[in-house]
Amino acid sequence: MTTLTMAKALNAALRDALREDEGVLVFGEDVGPLGGVFRVTDGLTAEFGAERCFDTPLAEAGIVGLAVGLAMGGFRPVVEMQFDAFAYPAFEQIASHVAKSRNRTRGRLPLPLVIRIPFAGGIGAVEHHCDSSEAYYAHTPGLKVVTPASAADAYWLLRDAIDDPDPVVFMEPKRLYWSEEEVDVGARAVPALGRAVVRRRGRDATVVSYGPSVPVALEAAGEAAREGIELEVIDLRTLVPLDDATVVESVRRTGRCVVVQEAQGFAGVGAEIAARVQERCFHSLAAPVLRVAGFDIPYPPPFFERAHLPGVDRVLDAVFRLQFDDEPDLTHAAEGAGR
Amino acid sequence: MTTLTMAKALNAALRDALREDEGVLVFGEDVGPLGGVFRVTDGLTAEFGAERCFDTPLAEAGIVGLAVGLAMGGFRPVVEMQFDAFAYPAFEQIASHVAKSRNRTRGRLPLPLVIRIPFAGGIGAVEHHCDSSEAYYAHTPGLKVVTPASAADAYWLLRDAIDDPDPVVFMEPKRLYWSEEEVDVGARAVPALGRAVVRRRGRDATVVSYGPSVPVALEAAGEAAREGIELEVIDLRTLVPLDDATVVESVRRTGRCVVVQEAQGFAGVGAEIAARVQERCFHSLAAPVLRVAGFDIPYPPPFFERAHLPGVDRVLDAVFRLQFDDEPDLTHAAEGAGR
Amino acid sequence: MTAETLRQQTVDRLLPSLDPVRFVAADGSAVEAPEGYVAPPDDLLREAFARMVVGRRFDAQASALTRQGRLAVYPSSRGQEACQIGAVLALRERDWLFPTYRDSVALVSRGLDPVEVLSLLRGDWHCGYDPAAVRTAPQCTPLATQTIHAVGMADALRRRGAGDVVLALVGDGGTSEGDFHEALNYAAVLRAPVVFLVQNNGYAISVPLARQTAAPSLAYKGVGYGMPSEQVDGNDLVAVLAVLSRAVERAREGRGPSLVEAHTYRLEAHTNADDPSRYRDEAEVAAWSAADPLPRLETYLRGRGVLSDAEVAACAARAEEVAERLRAELAVEVLGDPLELFDHVFATPTPQLREQRAQLAAELAHGAEGAEEAGGR
Amino acid sequence: MTAETLRQQTVDRLLPSLDPVRFVAADGSAVEAPEGYVAPPDDLLREAFARMVVGRRFDAQASALTRQGRLAVYPSSRGQEACQIGAVLALRERDWLFPTYRDSVALVSRGLDPVEVLSLLRGDWHCGYDPAAVRTAPQCTPLATQTIHAVGMADALRRRGAGDVVLALVGDGGTSEGDFHEALNYAAVLRAPVVFLVQNNGYAISVPLARQTAAPSLAYKGVGYGMPSEQVDGNDLVAVLAVLSRAVERAREGRGPSLVEAHTYRLEAHTNADDPSRYRDEAEVAAWSAADPLPRLETYLRGRGVLSDAEVAACAARAEEVAERLRAELAVEVLGDPLELFDHVFATPTPQLREQRAQLAAELAHGAEGAEEAGGR
Ligand SMILES: Cc1ncc(C[n+]2csc(CCOP(=O)(O)OP(=O)(O)O)c2C)c(N)n1
Ligand SMILES: Cc1ncc(C[n+]2csc(CCOP(=O)(O)OP(=O)(O)O)c2C)c(N)n1
Ligand SMILES: [Mg+2]
Ligand SMILES: [Mg+2]
């Protein structure tokens with residue numbers, strides 16, 4: 001057991017994977033001597049040499065395309081996109097090749113590779129450095145999409161992702177890079193990839209969250225408890241494949257559900273969760289599934305981050321709208337009436 | 001009134017826009033002398049010259065980036081991406097520039113441009129030519145996303161899109177290119193962009209559809225009527241901005257809702273509709289909002305298209321699961337129980 | 001030697017010759033090739049001729065099959081056989097080829113099963129062959145994207161140290177894509193053992209080369225990456241093979257990647273769905289027909305006395321056999337199972353895919369019951 | 001003249017000179033520049049010197065403001081002033097500039113309001129100035145994407161026919177992106193009036209040029225697009241201005257785009273958040289400090305007797321004023337209204353945005369009531 005930040009836990013995961021499997025290669029922009037702009041690859045070139053961890057020319061389609069070729073050739077590339085919006089130049093490579101290779105070749109040319117993407121905001125960075133881009137990948141069949149919310153999960157989810165036979169888009173919530181936790185890197189428990197985890201038990205309502213929103217959900221649960229409402233908090237950990245069962249079991253029990261995501265809400269992962277939950281738990285629901293999300297606006301400049309990001313208050317607002325008093329919510333009542 | 005195919009209606013819209021506004025420019029791959037692979041730009045170079053309608057080098061980021069620069073310079077570019085998946089190389093230009101320019105400059109540098117994308121399948125084409133990519137754009141704040149389902153709408157929505165002060169991603173359902181309809185290109189009615197339309201009135205359930213799924217929904221409504229179920233069919237026409245009011249008014253009245261889309265379901269536009277409808281119409285709903293969508297798989301090879309595409313039967317299956325008998329649907333009942 | 005001359009020499013080494021390398025003139029007569037290129041041995045040239053004859057027949061048969069509705073679409077490469085077969089013959093069996101949708105003739109010439117090659121265009125699956133088994137990547141539709149994969153594979157092969165190389169095919173239009181640029185740059189910086197062959201057939205669908213580039217020739221792109229480049233007469237099999245063999249050996253010896261531009265022409269439409277009369281005239285096609293690589297090689301070999309009437313007849317017979325087998329095999333209906341759609345999305349289907357599979361299975365069962373067609377309309 | 005010589009001449013015209021163009025040596029002494037370049041007039045050089053002094057002071061002040069938390073981040077361009085100010089002085093007021101995040105000094109030198117220039121890095125808005133009013137695109141963060149916009153704008157200007165041109169700035173790292181390739185190609189094919197200036201400062205964050213390209217120099221990329229290219233000593237303002245002015249005039253006269261590579265060096269870290277000790281050593285920085293463009297120009301101008309002590313002192317005083325005003329202005333808290341976040345997504349907010357705006361308004365009102373902080377934590 002060691003106390004590690006999420007960035008250091010990811011570093012340890014890469015290091016251990018490089019040690020255990022000769023085929024693992026780490027590359028991207030500034031991942032070599034600099035150790036990455038978030039230092040996630042710190043010391044890897046020094047320990048494993050520039051053949052195993054190296055800087056590429058500055059071109060993201062190139063990075064992902066190179067990974068595709070290396071994976072075809074039997075290696076296990078783990079590549080870094082420097083920031084969320086800077087993975088977009090690689091979108092065609094990701095959507096048209098990474099996601100499809102196994103399928104188009106009837107399983108003969110699988111691409112076990114990992115694309116690490118530091119994502120989302122909350123660190124005061126300028127535009128194009130704070131996008132929540134997970135839905136683009138989650139909507140693309142053939143990609144697994146993973147996002148840790150704690151240092152321990154970061155370690156194990158990344159190990160799982162590297163070992164996975166399928167391509168994994170590994171989304172790292174930037175603002176949790178420096179959050180610390182005890183991490184047991186010794187023994188591998190059951191695989192974390194593909195399994196949601198209940199972070200807090202509660203009977204009154206289920207809060208579904210992932211990545212950067214998990215700490216927010218937990219904090220909200222703490223506050224709600226003080227008001228006598230016991231929230232159950234689920235950390236999805238993996239968006240694809242989604243752990244439906246855990247979510248459904250919880251909501252059937254609590255009868256109420258709020259989904260929290262930092263990304264802009266429209267057609268995001270939260271919409272999928274809300275749609276699924278009402279499909280599968282309709283007769284258990286005492287109130288509509290509510291979504292708490294970032295607004296449908298380009299990520300704001302640093303001065304306005306706080307206004308945009310779904311915080312504890314916005315989560316609690318939604319929780320209090322779950323009709324515990326058995327009165328219908330009239331927020332949208334006026335709508336559609338006049339047409 | 002003339003009878004036109006959707007392809008010809010789009011051609012007429014481009015022609016009329018080029019005539020009326022000197023600033024309109026049409027460009028892309030093969031849009032010049034060839035008239036586009038679907039002949040949507042047929043004859044435009046001949047009529048307006050190669051300065052107004054021209055072939056570019058083969059590079060989609062280049063096409064969209066050029067449009068950005070020309071729009072900054074006061075022109076109104078209307079560009080063609082040859083097929084859905086071939087717009088992905090331009091994804092960074094679209095997500096990081098087209099969508100954001102007005103916002104990043106506080107309204108000073110708006111980009112009134114149109115990106116035409118023939119999308120979705122059903123025409124027996126090979127991989128990468130059949131993607132339903134609308135959710136990628138609809139999830140990106142700052143883009144309007146439009147998709148016609150009839151020749152008349154194609155004409156007027158494209159005219160509206162070209163006149164719009166904001167960038168519009170204009171998604172053309174390929175397999176409707178050859179469907180014919182009477183089109184009145186004479187007088188402009190109320191703007192179509194941003195307004196859903198009720199294609200068929202019904203009292204028992206609302207079917208929300210758009211683009212290639214509208215004819216499917218209408219056919220299903222015809223069949224359902226024979227079984228005594230009157231479906232109301234809504235054609236969204238515009239995914240962003242969404243015409244919430246029309247959908248909400250209808251579902252509050254019918255109390256039941258099915259959303260139909262051709263795209264893979266996970267985190268798609270249908271998820272957004274389902275999430276919104278249950279948020280806003282919860283107390284009117286007699287059954288969960290059900291989704292009918294393509295499977296979460298890469299678009300299949302031509303031999304298997306029919307198995308993948310949501311057809312009339314799949315829509316009817318969902319309709320019949322809307323608990324008209326007041327019995328709960330047990331499809332997902334077993335789930336989550338054993339954990 | 002001054003620093004100046006050294007640098008000048010570097011630049012000179014990287015630039016292509018002003019004229020495309022040529023061994024055989026359009027009329028089949030030998031011309032003097034530039035220094036430094038070795039003419040391939042006659043045996044290999046006879047083999048090339050045989051494969052070109054078969055390739056052309058395959059191509060004609062495939063085009064015919066589109067008219068009978070047996071193939072969804074077919075992009076012909078008639079006229080480009082010297083490039084495609086030259087490329088294949090420059091490689092060893094263990095080397096990798098990264099082809100485009102237009103390179104079916106190259107694949108068939110490489111020994112891949114013609115029916116498996118045509119899966120994509122027939123529509124029964126996206127890629128019909130096992131890429132690793134035949135060291136041939138899936139035929140690539142998104143333009144130029146495969147060129148980067150080729151670099152990655154080349155780097156993988158370099159790491160394994162067995163001296164294997166990669167050859168990537170791309171069209172003139174494809175050179176305009178950003179991915180082509182990134183691929184060349186990565187290859188040069190990584191000194192990957194890869195050769196890029198641009199089949200410049202003058203058009204990207206309807207768009208002529210002059211709208212694609214303002215460069216003196218596409219081969220001039222190499223110098224910007226520090227990569228030696230060459231241009232070759234792409235309708236002269238002898239020259240294509242000589243130039244590519246040299247480039248492949250350079251890569252094999254660890255001396256880095258190179259770029260070869262082959263000047264050629266597609267004599268047919270872009271695909272069977274295309275109407276070339278909208279963008280090029282018959283005179284141009286006629287002029288290029290006179291430069292047809294196939295009679296050119298035949299005349300050349302006959303002129304050298306290394307190809308007999310009997311051999312030519314044998315090639316033609318072999319080609320007919322291939323065509324006939326293709327017709328027969330494509331006449332057989334493929335009975336694919338739609339449920340396979342869920343099998344290869346991931347190594348193990350997700351819970352969501354299992355549900356969807358069950359849904360489709362139910363639909364199919366129901367459809368079979370009602371003797372109706374299942375699924376979409 | 002044979003076809004051969006004609007083509008050779010074309011190629012020669014497109015290739016850069018072997019050595020970067022230089023007018024002034026590192027020690028400030030004049031050197032003989034290659035033929036065909038005109039030294040800018042002394043008045044313009046004095047003006048350039050004045051702007052360089054102000055630019056450097058601005059840069060130092062901005063760096064200092066990051067340490068005080070007044071700017072979120074600042075990418076210094078100390079050492080690159082000759083490029084940035086050379087670029088600006090080569091343009092007329094009506095011409096357009098397409099800058100990157102590192103080009104704040106160019107913008108300030110162009111006369112843009114320093115506080116507006118710093119909006120992006122301060123964090124009060126993404127772009128603080130009105131691009132159309134100052135004919136300057138927003139500073140671009142996604143690398144090389146702006147180079148295509150520059151081509152589009154150049155084509156727009158060409159269509160209007162007023163002889164205006166565009167200058168696009170990009171870094172050495174940015175040249176590896178596919179967008180750079182597409183931009184150069186589009187520019188050449190469209191003969192757009194645009195000049196691309198690559199500020200090759202040796203690094204892309206930590207990655208040295210040798211990992212970025214294997215080309216003899218980045219300028220060699222031009223020939224692959226049929227575009228004339230040049231290399232220039234990027235720390236010699238006189239040379240930068242001479243080379244860019246020629247390229248800009250070529251564009252203005254309708255003779256097409258060109259590519260200029262300026263060899264320079266950033267003397268500071270990539271941004272204040274960067275730790276350059278991880279990837280370069282002090283000796284290298286020291287060597288480049290000796291090639292500092294600012295003392296070089298000063299020595300040169302003093303040597304020619306066109307710059308006096310008094311003028312130098314006046315420049316320094318002016319620079320102090322600018323710095324002081326900047327400090328004062330950035331000390332003022334910006335009282336932005338978060339509700340503005342909904343105002344510029346579209347020309348008219350959508351129904352969804354109106355709802356969300358109302359939600360935030362309610363949250364803010366509630367937060368104000370409770371005297372708490374609204375929104376996220
Ligand atoms: C990224 C991408 N954009 C557009 C297309 C559509 N498309 C298919 S072939 C083609 C022309 C390709 O020309 P070229 O590279 O010269 O190859 P050729 O067809 O001549 O062999 C185009 C535009 C595509 N397949 N991929
Ligand atoms: C598309 C994209 N990828 C990655 C980044 C992250 N990034 C910011 S600056 C930089 C290095 C740029 O180097 P160069 O082009 O040489 O410009 P310089 O910073 O040296 O001026 C990187 C990788 C980015 N901004 N955009
Ligand atoms: Mg071609
Ligand atoms: Mg640099």
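Every heavy atom of this structure was used, including side-chain atoms; hydrogens, water molecules and symmetry mates were not. Protein chains get the first letters and strands the later ones, always in sequence-line order, with residue 1 at the start of each.
- Residues of residues 327-343 of chain C lying under 4.5 angstrom from chain B, judged on non-hydrogen atoms, are C:V334, C:G336, C:D337, C:P338, C:L341, C:F342 in numerical order.
- When the candidates C:R278, C:H270, C:H344 are compared by the number of heavy-atom contacts under 4.5 Å with chain B, C:R278 comes out ahead.
- Only the side chain of B:Q82 comes within contact range of chain C, with at least one heavy atom under 4.5 Å from a heavy atom of that chain.
- Counting heavy-atom pairs closer than 4.5 Å to chain B, the top residue among C:D275, C:V207, C:V345, C:D274 is C:V207.
- For the pair B:P300 and C:H126, the tightest heavy-atom approach, listed with the atom from each and the gap, is C-CE1, 3.7 Å.
- The part of C:L353 that comes within reach of chain B is its side chain, from C-beta onward, which places non-hydrogen atoms under 4.5 angstrom from that chain.
- Interface residue C:R122: backbone and side-chain heavy atoms are both found under 4.5 Å from chain B.
- Smallest separation of non-hydrogen atoms from B:P57 and C:S176: CB-OG, 3.9 Å.
- Contact annotation for B:Y88: neither backbone nor side-chain heavy atoms come within less than 4.5 Å of a heavy atom of chain C.
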- Check the pair C:L143, B:F86 against side chain to side chain contact (heavy atoms under 4.5 Å, CB included), reporting the backbone distance first and the verdict last. CA-CA 9 Å; C:L143 292 165; B:F86 306 144; over 6 Å; no
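- Across all their heavy atoms, B:F304 and C:D124 have their closest contact at CE1-O, 3.4 Å.
- Between C:S206 and B:D55, the shortest heavy-atom contact is OG-OD2, 4.3 Å.
- When heavy atoms are compared at a cutoff of 4.5 Å, B:E262 does not approach chain C at all.
- Both the backbone and the side chain of B:F295 come within contact range of chain C, judged by heavy atoms closer than 4.5 Å.
- Rounding to the nearest 0.5 Å places CD of C:E177 at 4.5 Å from CD of B:E60.
- Contact record, C:Q139 with B:E127: O-OE2, 4.4 Å, taken as the closest heavy-atom pair.
- A salt bridge is absent between B:D30 and C:R211; no separation between the charged side-chain nitrogens and carboxylate oxygens falls under 4.0 Å.
- When the shell of 6.0 Å around CD of C:E282 is examined, it contains 12 or fewer heavy atoms from other residues, nucleotides or ligands.
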Discussion item. Would C:I205 and B:E29 count as a side chain to side chain contact (heavy atoms under 4.5 Å, CB included) here? Give the steps.
Written reply: CA-CA 9 Å; C:I205 308 186; B:E29 293 156 7; over 6 Å; no
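- No side-chain donor-acceptor contact under 3.5 Å links C:Q352 to the backbone of B:D296.
- Note: C:Q359 CD to B:D317 CG = 7.5 Å, rounded to the nearest 0.5 Å.
- Contacts of B:V315 with chain C are absent, with no heavy-atom separation under 4.5 Å from either backbone or side chain.
- The two atoms that bring C:Q212 and B:L58 nearest to each other are OE1-N, 2.7 Å, heavy atoms only.
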